[in-house]
Amino acid sequence: TDVLIKNISSDIGPIKITEGDLKLTSSPEISLESNFKTNIKYKSKFKNYNNLIKDVNFVKNLVNLEAEINNNFSINFDETYKVRKYNYKSNGLIKRANLNFKSPLKTYFLEEKINEFSIINSEIKINLGPKKNITNILGEYSLNKGNNLPFNLEHIIERELLKMKI
């Protein structure tokens with residue numbers, strides 16, 4: 001048996017969800033699939049919504065975030081409703097993200113402390129699964145309102161191993 005719900009949309013403060021669909025299949029196992037677009041226009045004035053993602057440390061330093069993301073996920077359950085497998089994928093554009101650090105960051109490879117960090121016009125791809133999580137961001141960044149510089153970040157978590165390429 002299949003159930004398909006189309007045209008799902010919602011506004012949650014700075015987050016707008018559009019063009020969503022949800023498909024539920026219950027034979028032979030139960031599976032749930034969804035696709036939706038997310039448009040984020042966050043400014044620090046939306047402090048009421050920080051609790052939505054309070055466990056992510058950098059959020060307390062986030063001043064603004066503007067992004068357009070395409071998302072899809074699938075979850076498969078066994079007959080006892082235990083999750084057997086899942087996958088979440090996102091890709092899109094971070095138009096702008098600015099972080100102002102209350103306590104400046106110190107690094108071993110830069111002489112100056114980092115007070116502000118910005119990401120500009122950067123492609124983002126995320127793939128999360130039970131065995132491997134991959135995040136790629138390709139675009140431009142700036143430190144302390146300096147010049148925009150190119151970067152390519154690949155962040156992979158596989159089991160308990162973290163691989164990062166910058």
Side-chain angles (χ1 to χ4, degrees), residues 1-99 117-141 151-166:
T1 305
D2 285 357
V3 175
L4 178 63
I5 302 171
K6 290 184 152 196
N7 299 321
I8 298 171
S9 62
S10 181
D11 286 320
I12 305 169
I15 301 169
K16 185 174 186 172
I17 296 171
T18 60
E19 299 180 38
D21 64 60
L22 185 66
K23 181 180 177 184
L24 178 66
T25 306
S26 62
S27 175
E29 63 180 21
I30 299 168
S31 69
L32 182 65
E33 296 177 18
S34 182
N35 299 289
F36 57 95
K37 292 184 178 184
T38 307
N39 188 337
I40 303 168
K41 290 187 178 179
Y42 173 86
K43 295 196 184 308
S44 55
K45 69 180 180 182
F46 288 109
K47 292 289 184 195
N48 302 3
Y49 296 95
N50 285 355
N51 288 339
L52 292 174
I53 47 177
K54 65 183 174 188
D55 292 334
V56 181
N57 248 350
F58 78 87
V59 171
K60 63 185 172 204
N61 299 305
L62 189 63
V63 175
N64 68 20
L65 170 63
E66 189 174 345
E68 294 175 354
I69 310 290
N70 295 313
N71 309 277
N72 60 46
F73 70 84
S74 63
I75 305 172
N76 292 20
F77 302 92
D78 67 14
E79 60 280 347
T80 65
Y81 303 111
K82 181 179 176 184
V83 174
R84 284 190 354 97
K85 113 179 134 171
Y86 67 90
N87 187 267
Y88 174 80
K89 291 182 181 180
S90 286
N91 65 65
L93 179 69
I94 299 173
K95 293 179 178 180
R96 182 162 214 67
N98 295 322
L99 290 101
F117 176 76
S118 298
I119 295 176
I120 307 102
N121 295 324
S122 298
E123 293 176 31
I124 184 167
K125 293 181 182 178
I126 299 171
N127 188 347
L128 307 177
K131 295 182 181 177
K132 194 175 196 179
N133 296 332
I134 302 170
T135 303
N136 291 308
I137 306 175
L138 173 66
E140 296 181 332
Y141 77 97
F151 81 105
N152 185 358
L153 171 71
E154 183 177 45
H155 183 267
I156 301 170
I157 300 175
E158 192 168 7
R159 297 193 180 121
E160 293 186 23
L161 179 64
L162 167 65
K163 299 176 191 174
M164 189 178 294
K165 294 180 194 175
I166 299 177

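Quantities reported herein were computed from a predicted structural model and do not represent experimental measurements.
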Compile the donor-acceptor pairs under 3.5 Å between side chains in residues 132-141 and protein atoms, sequence neighbours left out, one pair per line.
from, atom 1, to, atom 2, distance (Å)
Asn133, OD1, Gly129, N, 3.1

*Taking the side chain as every heavy atom from C-beta outward, state whether Leu22 and Leu4 have any atom pair closer than 4.5 Å.*
no
*Passes side-chain contact (heavy atoms from CB on, under 4.5 Å), Val63 versus Leu99? Steps please.*
CA-CA 5 Å; Val63 175; Leu99 290 101; over 6 Å; no
*Within-4.5 Å side-chain heavy-atom neighbours: Ile30 and Tyr81*: yes
*Looking at residues at least two apart in the chain, or sitting in another chain, which of them share a side-chain contact (heavy atoms from CB on, under 4.5 Å) with Lys131?*
none
Per-pair distances, 0.1 Å, donor-acceptor, side chain in residues 87-96, under 3.5 Å, sequence neighbours excluded:
from, atom 1, to, atom 2, distance (Å)
Asn87, ND2, Asn127, OD1, 3.1
Tyr88, OH, Asn71, OD1, 2.7
Tyr88, OH, Ser90, OG, 2.7
Ser90, OG, Asn71, OD1, 2.6
Lys95, NZ, Glu68, OE2, 2.9

*Residue pairs involving residues 2-17 (criterion side-chain hydrogen bond (donor to acceptor under 3.5 Å, both in side chains); sequence neighbours excluded)*: Asp2-Thr25
*Please examine the side chains of Phe73 and Phe36, heavy atoms only from C-beta on, and report whether any two atoms are closer than 4.5 Å.*
yes
*Indicate whether any N or O donor in one side chain lies under 3.5 Å from an N or O acceptor in the other, for Ser118 and Asn98.*
yes
_Gap between atom CD of Glu33 and atom CD1 of Ile75 - 0.5 Å precision_ = 10.5 Å
*When rounded to the nearest 0.5 angstrom, what distance separates CG in Asn76 from CG in Asp78?*
10.0 Å
_I'd like to check the salt bridge (charged side-chain N to carboxylate O under 4.0 Å, His left out) partners of Glu123; sequence neighbours left out, ordered by chain and number._
none
*For Asn35, check side chain to side chain donor-acceptor pair (under 3.5 Å) against everything at least two apart and list the hits.*
Asp21
